[in-house]
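Every heavy atom of this structure was used, including side-chain atoms; hydrogens, water molecules and symmetry mates were not.
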Amino acid sequence: MLGETDALAALRAGMRQVEALENDLVTLLPDYLAPHVSVGAIKGEVLTIFAGHSALAARLRHLERGLVQDLQQRGWPVSGFKVKVRPVMKPPAVPKQAKVSAAGVECLRTFADGLEASPLRDALERMVARHKRP
C-alpha cells in the first residue's frame, strides 16, 4: 500500500518539519514581513529562506543573528541562513466588466456626435460600440 512506504513516510515527516519551522519563523518575524517569507530546507546547519522581493531579502539579512538565536532556542539546528529572492506570483488581473446603462450609452453617443474628429471622439465611439445593447 502506498501510505506504508518508507519513502512516503520520510517525505511526510520532512514536510511536517518544514511546516513547523516555517510556523516558528513566521511567529518570530514582524507582521509586515511574515506573509512574504517562506522556508526552504536545512542543509547542514544552513536554512534557506525565500523572500518575496530584494528589499525584504536585505531586511532578513539584517535580522539574521537574532532570528538564528531565536530558532536555536526553539530547538532548530540552525547556525545561519541563506536568503533567496523568489517573487510571489500574483494571479492575473480580472478584466474590468463595466456595465453602462442604455441611457448612459445614449449620452455618450450624443456627446461623441457633438465633437469634432479627435482621439476623444474615437475613444467615445469605441466605448459606445462596446456597450451597445443588441
Chemist: At what distance, to the nearest 0.5 angstrom, does CD of Gln69 lie from CD of Gln72?
Modeler: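 It comes to 7.0 Å.
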
Chemist: Which residues pass the salt bridge (Lys or Arg N to Asp or Glu O under 4.0 Å) test with Glu106, not counting sequence neighbours?
Modeler: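 Counting only residues at least two positions away or on another chain, Glu106 forms a salt bridge (Lys or Arg N to Asp or Glu O under 4.0 Å) with Arg109.
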
Chemist: Got a second to check how far Leu11's CG is from Met15's CE, nearest 0.5 Å?
Modeler: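 The CG atom of Leu11 sits 6.0 Å away from the CE atom of Met15.
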
Chemist: Which salt bridge (Lys or Arg N to Asp or Glu O under 4.0 Å) pairs, counting each pair once, include a residue from residues 57-74, with sequence neighbours left out?
Modeler: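 Found Asp24-Arg74.
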
Chemist: Applying side chain to side chain contact (heavy atoms under 4.5 Å, CB included), name anything that partners Arg130, two or more places apart in sequence or on another chain.
Modeler: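 By the side chain to side chain contact (heavy atoms under 4.5 Å, CB included) rule, Arg130 matches Met127.
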
Chemist: If you group Ile, Leu, Val, Met, Phe, Trp and Tyr whenever their side-chain heavy atoms sit less than 4.5 Å apart, what else falls in with Val26?
Modeler: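 None; Val26 is a cluster of one.
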
Chemist: Which other residues end up in the same hydrophobic cluster as Tyr32, if Ile, Leu, Val, Met, Phe, Trp and Tyr are linked when side-chain heavy atoms come under 4.5 Å apart?
Modeler: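 Other cluster members: Val18, Leu21, Leu25, Leu28, Leu29, Leu33, Val37, Val39, Ile42, Leu47, Ile49, Leu56, Leu60, Leu63, Leu67, Val68, Leu71, Trp76, Val78, Phe81, Val83.
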
Chemist: Output a table of donor-acceptor pairs, distance under 3.5 Å, between side-chain atoms of residues 115-122 and any protein atom two or more places apart or on a different chain; print 'none' if there are none.
Modeler:
| residue | atom | partner | partner atom | Å |
| --- | --- | --- | --- | --- |
| Ser118 | OG | Glu116 | O | 3.4 |
| Ser118 | OG | Leu120 | N | 3.4 |
| Ser118 | OG | Arg121 | N | 3.2 |
| Arg121 | NE | Ala112 | O | 3.4 |
| Arg121 | NE | Glu125 | OE2 | 2.9 |
| Arg121 | NH1 | Leu115 | O | 2.7 |

Chemist: Quick one: do His131 and Ser101 satisfy side-chain contact (heavy atoms from CB on, under 4.5 Å)? Show the steps, please.
Modeler: CA-CA 8 Å; His131 293 285; Ser101 67; over 6 Å; no

Chemist: When rounded to the nearest 0.5 angstrom, what is the spacing between NZ in Lys82 and NZ in Lys43?
Modeler: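 The NZ atom of Lys82 sits 6.5 Å away from the NZ atom of Lys43.
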
